[in-house]
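First the structure, in the form of structure tokens, and then the observations on it.
Only this structure's heavy atoms are used, side chains among them; waters, hydrogens and symmetry mates stay out. Labels below follow one simple rule: chain letters A, B, ... track the order of the sequence lines, proteins then strands, and each chain is numbered from 1.
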Number of protein chains: 2
Amino acid sequence: MSLRFDITPGSPQPIYEQIEGQIRRWIATGTLKEGDQLPSVRALAEQLTVNPNTVARAYSELTAEGLVASHAGRGVFIAARRQIYSEEERLRRLSCAMKRFFDETAFLDIPLAEILRRLEAAGTDYFTHSPKP
Amino acid sequence: MSLRFDITPGSPQPIYEQIEGQIRRWIATGTLKEGDQLPSVRALAEQLTVNPNTVARAYSELTAEGLVASHAGRGVFIAARRQIYSEEERLRRLSCAMKRFFDETAFLDIPLAEILRRLEAAGTDYFTHSPKP
DNA sequence: TAAGTGTATTAATGCAAATAATACAGTTGA
DNA sequence: TCAACTGTATTATTTGCATTAATACACTTA
């Protein structure tokens with residue numbers, strides 16, 4: 001089975017971050033489970049018409065985060081789900097994300113109640129209608 | 001009165017975006033109101049030990065968004081609050097922000113309910129405890 | 001008119017993303 | 001064993017963008 005990556009070159013977000021993001025999402029939503037193998041660096045690079053180094057960098061960072069485990073000669077596999085960050089670190093990251101979110105939406109002049117309502121809907125949708133692999 | 005900008009050079013976020021963000025936030029929270037005058041390009045550049053062009057770029061983008069109005073020879077002023085974007089555009093931006101938010105938080109493995117609870121608290125806090133000018 | 005506004009232009013610097021071309025080391029299966 | 005895969009590391013180069021810099025210009029106001 002081949003994962004359907006959606007990459008936009010020229011986007012302000014670097015390609016390697018886009019790759020990371022999609023894999024992180026697939027892991028978070030259960031599309032990718034422990035033990036699943038990711039495409040090889042070279043195969044994915046060819047599939048996305050991208051340099052192998054770019055894919056390698058994405059894999060490298062995911063490995064550093066502990067989300068995947070790579071074994072030279074075998075491949076990259078989804079790691080066992082475990083608590084990677086401390087409770088404090090997780091809340092810190094959540095705070096940053098929340099601040100950024102409000103910075104991006106406050107000036108839209110949408111009532112907080114409506115934003116929260118839509119967030120709840122989007123959130124449940126995010127974890128159920130995960131993108132097809 | 002002089003606004004208390006908090007700029008971090010070397011941050012992944014460009015300086016001109018940091019300036020934009022703070023002004024947007026002050027407008028959203030009511031700290032800056034219609035008609036208020038912003039510091040001059042040169043004055044703010046000196047205050048932040050930053051190049052005037054950097055400040056000018058921030059002001060230029062805020063002007064393009066319609067949040068401020070600039071008049072050569074007079075200065076830059078907070079514009080009248082009005083609907084800058086169409087309803088569709090506002091919801092599109094909200095959707096993008098929500099997606100990015102979940103991409104940043106999903107892998108933290110924090111229950112959706114708790115995220116929403118914290119978001120509500122952070123949201124009300126965002127609009128009440130606005131940063132001092 | 002002088003001193004202050006915003007704006008525009010051009011050049012130079014620095015940094016990071018991305019490509020490219022290799023080389024190396026571990027694993028697997030014929 | 002060996003060929004064909006894996007991931008990893010290194011170096012060089014290109015590219016684009018943020019930033020600084022130095023001006024110049026046009027408008028406004030006292």
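Nearest-nucleotide positions on DNA chain D for A/N53 and A/G73 put A/G73 closer to the 5' end. For the pair B/H71 and A/G10, nearest-nucleotide mapping onto DNA chain C gives the more 5' position to B/H71. Between A/A72 and A/P14, the residue whose closest nucleotide on DNA chain C is further toward the 5' end is A/P14.
Salt-bridge check for B/D109 with A/R81: passed, with a basic side-chain N closer than 4.0 Å to an acidic carboxylate O.
Look at B/Y16 and you won't find any side-chain N or O under 4.0 angstrom from OP1 or OP2 of D/dT19. Taking 4.0 angstrom as the limit, B/T54 places a side-chain polar atom (N or O) nearer than this to OP1 or OP2 of D/dT20. Residue B/S70 has no polar side-chain atom (N or O) positioned under 4.0 Å from OP1 or OP2 of C/dT5. Using a 4.0 Å cut-off, some side-chain N or O of B/R74 falls inside it from OP1 or OP2 of D/dT29. Within the structure, every side-chain polar atom (N or O) of B/Y59 is placed at least 4.0 Å from both OP1 and OP2 of C/dG6.
Between B/Y16 and B/N53, the side chains place no donor N or O within less than 3.5 Å of an acceptor N or O (distance only, hydrogens not considered).
As a whole-Å value, the separation of A/R57 CZ from C/dT19 P is 12 Å. Residue A/L48 contributes atom CG, which lies 15 Å from atom C1' of C/dT19 at whole-angstrom precision. Put simply, CG on B/N51 is 13 Å from C1' on C/dA11, counting in whole angstrom units. For the pair A/E61 CD and C/dA16 C1', the interatomic distance rounds to 13 Å; values are reported in whole Å. Put simply, CD on A/E46 is 11 Å from P on D/dT6, counting in whole angstrom units. Whole-Å rounding puts the B/Q18 CD to D/dT19 C1' distance at 13 Å.
The closest donor-acceptor contact from the side chain of A/Q22 to the backbone of A/D6 lies under 3.5 Å. Judged purely by atom type and a 3.5 angstrom limit, B/S95 uses its side chain to pair as donor or acceptor with the backbone of B/L91.
With hydrogens and angles ignored, no donor-acceptor pair under 3.5 angstrom links the side chain of B/R42 to the base of C/dG4.
Taking every side-chain heavy atom of A/V41 into account, D/dG7 is the closest of D/dG7, C/dG6, C/dA18.
Geometrically, B/R93 does not engage A/F107 in a cation-pi contact defined by less than 6.0 Å to the ring centre and at most 45° from the axis.
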